[in-house]
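The next block holds one structure in the form of structure tokens; read it before the comments.
Please read these numbers as outputs of a predicted model, since none were measured by experiment. Worth knowing before you read on, the calculation uses all heavy atoms, side chains too, and leaves out hydrogens, waters and symmetry mates. One-based numbering along the sequence shown.
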Amino acid sequence: MLSQRIEKLSKRVRDTQPTIDLDRARLITEFYAQPSMDNYILRRAKAFKHYLENMEIFIDDDEQLAGHQGSRVQSVILHPDTTKWLYDDFDTLDKRPSDNLAFRSEKDKEDLWEIVKKWRGNTFGDFASSLIDDDTKKMIEAGVLTHGISNQSTMNHSPDYDNFIKRGYRYYIDECREKLAAHKINDVYDMEQEIAWQSMIIVMESIINLAHRYADLAEQKAIECKDARRKEELLTMAENCRTVPENPPQTFLQATQLVWFHHLAITLEVSGGDHNLGRYDQYMLPFFEKEAAEGKTEEFFADIIHEFKLKIMEMWNIRCYAESVADPGCPLWMHIILGGVKENGKDACNELTRVFLRCLLDLQTDEPCISFRYHRNIDEETFRLAIKAARDTGGHPAFYNDDTAINYLLQLGFTLKEARNWGICGCIEPHVLGKSDFQSNPGYFNPIKIFDIMLHDGYDHVTDTLMGMKTGDPRNFKDIEDVKEAFKKQLQFFLSKFVDMYARTLAGHAYTLPTITGSTLAVGCMEKGKLLQQKGSDHHYTAIAITGMANVIDSLEAIDECVFKKKYISMDELIDMLDHNFEGHEEKRQMLLNKAPKFGNDIEEVDQYSYWLVDVLDTEAKKYRDAMGGVFTLVIATQAYNVELGKLIGATPDGRLATTPLADNASPMAGMDTNGPTAVVNSLACCDPLVPASGMLLNQRFDPTVCAGEKGLDIIETVFKAHFLKGGFHIQINVLDDKVLRAAQEEPDKYRNILVRVAGYSAYFVDLSEEIQNNIIDRTIQTGC
């Protein structure tokens, strides 16, 4: 049961129209208007200090945790110094179909426009765009790839909360001061170190001072408060904000406040999401056990957990118009990790894990992302509770396989002890908490678009542009091996372009957009006197997101079966039909759909292509290093980009019509998996789940009638265990029928709180565009094992 306080907070967050907050845009612009000879890193640190000292703050009447992104509930900060798109998309901010914002007044809108005009041509986004050539820009426009981290920070911060919660900022500030006191400058690299330590001190002191501002405000409100209970809460808040994040917390509430202040600061400093909240049920456990032994009830802890979740839910990372459509619902991908194993390999599930899962059943929020780590010795009661939460609440948590994730991380050079302490950054990508400088958003790489270009000998027939290599006229190909060889050459060509684009962008961050707050709690940075963008972390790597996997697999099988083996049609006929979107050839399109077996049905002759495709991409990616010297891994994931990228692709040999959505993530094409969920996971296992070391995202949708009660939990558990037994890394579910979702489309106000799993995140169904709503509805409904 929710307390009245949490019910009020939840309603306020959900029902308040998000409005644009000008503070950050105004204050950062104001600071950079002043002349300075400071190094760009010190300048960023001092700009952030100026912002935190002058931003307007408030305390909600019902909250116990202090801190918001802006000056009111659901305020949205913007980053005109970073985002090139803000000028081009300015008029869409309050007119978007998804993630729609509002201005408090016409004057606010006019003031922001003046700020945006001042930054035009001088943002990081402008700089990133200048780094890539015209040919690559054409590839982006055509949907071959996307340009990641071009209007945001290098993101994906995974703070070392395990140690921070025992220390507080003062410990790290003292460490920096000690290093500075002993430091001598003999060369330019020594100066870099001094600047890094100075900048870290400035940022940490500024966050402490922000907390003290909240303490002052809480004390002032307490003086004015007539309600004795609320007065006591405000005085407690003031005490907490004077204690943390400067010093180690002493209570469960203080520990949560400490984590919240640091996480808030990361998002205030630079644009970008995907910041990991770590293993909450592990680092919070000592505080939980101490206060539980003193008589604190589950309701007490649940109240704090609920408010913490609502704090995350209220955050915004606003994107350009195109991305707001491609990834609607403003996903933050801020994961809280539950379960898994400890450093010694023993089960880590505990009573706090179960309290948190029960909290999911009482209050559903789209953020943060809740991720549950499964292993073979998992506590069965906790695992069943996690499945029940996912079934009954809109997809939280998502489920991950400890064994597979740990194997991934061992491949990347982590020790076993380190690898066991993993979490999720980005969509589904595993990394070691506090010890990884990981990038999940170099961009999306789109093999099915490249397949279409291969079928036209290097031309993109949609834009009528020679874009790829000349790999031969497919009409002359003799068998499927010729197709694969030509496709492989095109993949190699475009991947080299992708890597070059990303390397330039990543290198650009090091000289324009350092993430100082993120560097303070990343192991290696403070020790070396280097920020993350200066290779401060010992471990750096990048995950390339691969889209439309099932479409490539099904297209290869369709060509092999219908053109080469059975000779139902010639290659010339196929290409002509594709060029005309099957117009006048619906019967042959149905033949491609139904005569050729499809991925997701546990059919070896089809699934062999999944292994081949992933192996080719992985082998090619491993030939390169990113701008930090890190390796490239693969993540098979599209988020909701399968809809937007599909609009840029003509008809494909699997029978898909032009401009329609691609397969989502690593899942089979919608409606093509007809042999049940176990067949789906068996097909996915043929890819060799240990190859794409940043994971494969699998969406599954179950019939709510079949999955009801304990028997329903049995069915879902059977599928999960079958998937993980075969090395599968990830699976997430929606348990909603078409009738409910169609009703929500017709009367959204009656269904405002229905959550659905979109990709690596959940969103409120009614907040999604109709296209993405329909794409979710089109997913196959599984009715058994």
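Judged purely by distance below 3.5 Å, without hydrogens or angles, the side chains of Asp664 and Thr638 never pair a donor atom with an acceptor atom. The closest side-chain donor-acceptor pair between Gln745 and Gln773 falls under 3.5 angstrom. Using modelled atom types, one finds a donor on one side chain and an acceptor on the other under 3.5 Å when comparing Asn642 with Asn775. There is a side-chain donor-acceptor pair under 3.5 Å between Ser3 and Asp303. Between the side chains of Thr652 and Asp654, at least one donor N or O sits under 3.5 Å from an acceptor N or O. In this model, no donor atom of one side chain and acceptor atom of the other lie less than 3.5 Å apart for His431 and Glu429. Side-chain atoms of Ser667 and Asn699 form no donor-acceptor pair, as typed in the model, at a separation below 3.5 Å. If you check the side chains of Asp402 and Trp422, you find a donor sitting under 3.5 Å from an acceptor. Side-chain N/O atoms of Arg742 and Asn774 include a donor and acceptor closer than 3.5 Å.
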Next on the checklist: Before you tell me yes or no, could you show the steps for Met315 and Lys311 under side-chain contact (heavy atoms from CB on, under 4.5 Å), namely the whole-Å CA-CA distance, both residues' side-chain angles and the distance that decides it to 0.1 Å?
Outcome noted: CA-CA 7 Å; Met315 300 178 93; Lys311 287 287 189 183; over 6 Å; no
Next on the checklist: With side-chain contact (heavy atoms from CB on, under 4.5 Å) as the criterion, how do Val13 and Thr16 come out once you've worked through the C-alpha distance, each side chain's angles and the decisive distance to 0.1 Å?
Outcome noted: CA-CA 6 Å; Val13 171; Thr16 299; over 6 Å; no
Checklist entry - Taking it one step at a time, do Asn151 and Ser271 satisfy side-chain contact (heavy atoms from CB on, under 4.5 Å)? => result CA-CA 8 Å; Asn151 280 269; Ser271 60; over 6 Å; no
Next on the checklist: One pair to check against ring pair (Phe, Tyr, Trp, His ring centres under 6.0 Å): Tyr751 and Phe765. What are the steps and the verdict?
Outcome noted: CA-CA 8 Å; Tyr751 297 88; Phe765 183 76; 9.1 Å; no
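Around atom CD of Glu380, more than 12 heavy atoms belonging to other residues, nucleotides or ligands sit under 6.0 Å away. The number of heavy atoms from other shown groups lying within 6.0 Å of NZ (Lys647) is above 12. More than 12 heavy atoms of other shown residues, nucleotides or ligands fall within 6.0 angstrom of atom CD in Glu586. Remark: Gln4 CD is loosely packed, at most 12 non-hydrogen atoms of other residues, nucleotides or ligands lying under 6.0 Å away. More than 12 heavy atoms of other residues, nucleotides or ligands sit less than 6.0 Å from atom NZ of Lys95.
Between Tyr280 and Phe308, the ring planes are parallel. Angles under 30° get that label, and only those over 60° would be called perpendicular. By the 30° and 60° cut-offs, the orientation of the rings of Tyr374 relative to Phe383 is tilted.
Asn446 pairs in a side chain to side chain contact (heavy atoms under 4.5 Å, CB included) with only one of the listed residues (Leu662, Asp452, Val552), which is Leu662. A side chain to side chain contact (heavy atoms under 4.5 Å, CB included) with Phe438 holds for exactly one of Ser158, Pro430, Ser694; it is Ser694. For the side chain to side chain donor-acceptor pair (under 3.5 Å) test with Gln782, the passing option among Thr678, Asp703, Asp673 is Asp673; the others fail. When each of Arg14, Gln69, His68 is checked for a side chain to side chain donor-acceptor pair (under 3.5 Å) with Glu314, only His68 meets the rule. Of the options Glu367, Arg757, Gln364, a side chain to side chain donor-acceptor pair (under 3.5 Å) to His396 is made by Arg757 and by none of the others.
In this structure Ser75 satisfies the side-chain hydrogen bond (donor to acceptor under 3.5 Å, both in side chains) test with no other residue, sequence neighbours excluded. For Asp62, the side-chain hydrogen bond (donor to acceptor under 3.5 Å, both in side chains) partners are Lys8, Arg12, not counting sequence neighbours.
One distance of note links NE2 of His79 with OG1 of Thr267; it measures 7.0 Å at 0.5 Å rounding. Separating the CZ atom in Phe399 from the CZ atom in Phe720 is a distance of 5.0 Å, to the nearest 0.5 Å. The line from CG of Asn753 to OG1 of Thr365 is 11.0 Å long, rounded to the nearest 0.5 Å. How far CG of Asp767 is from CZ of Arg752: 7.0 Å, rounded to the nearest 0.5 Å.
Within the 4.5 Å cutoff, the side chain of Met696 has heavy atoms near those of the Cys687 side chain. Looking at Val614 and Met549, their side chains come closer than 4.5 Å, going by heavy atoms from C-beta outward. Looking only at side-chain heavy atoms (C-beta outward), Ile77 and Trp316 stay at 4.5 Å or farther from each other.
A salt bridge does not link Glu299 with Arg5: every distance from a Lys NZ or Arg NE/NH1/NH2 to an Asp or Glu carboxylate oxygen is 4.0 Å or more. A salt bridge links Asp94 with Lys109: the distance from a Lys NZ or Arg NE/NH1/NH2 to an Asp or Glu carboxylate oxygen falls below 4.0 Å.
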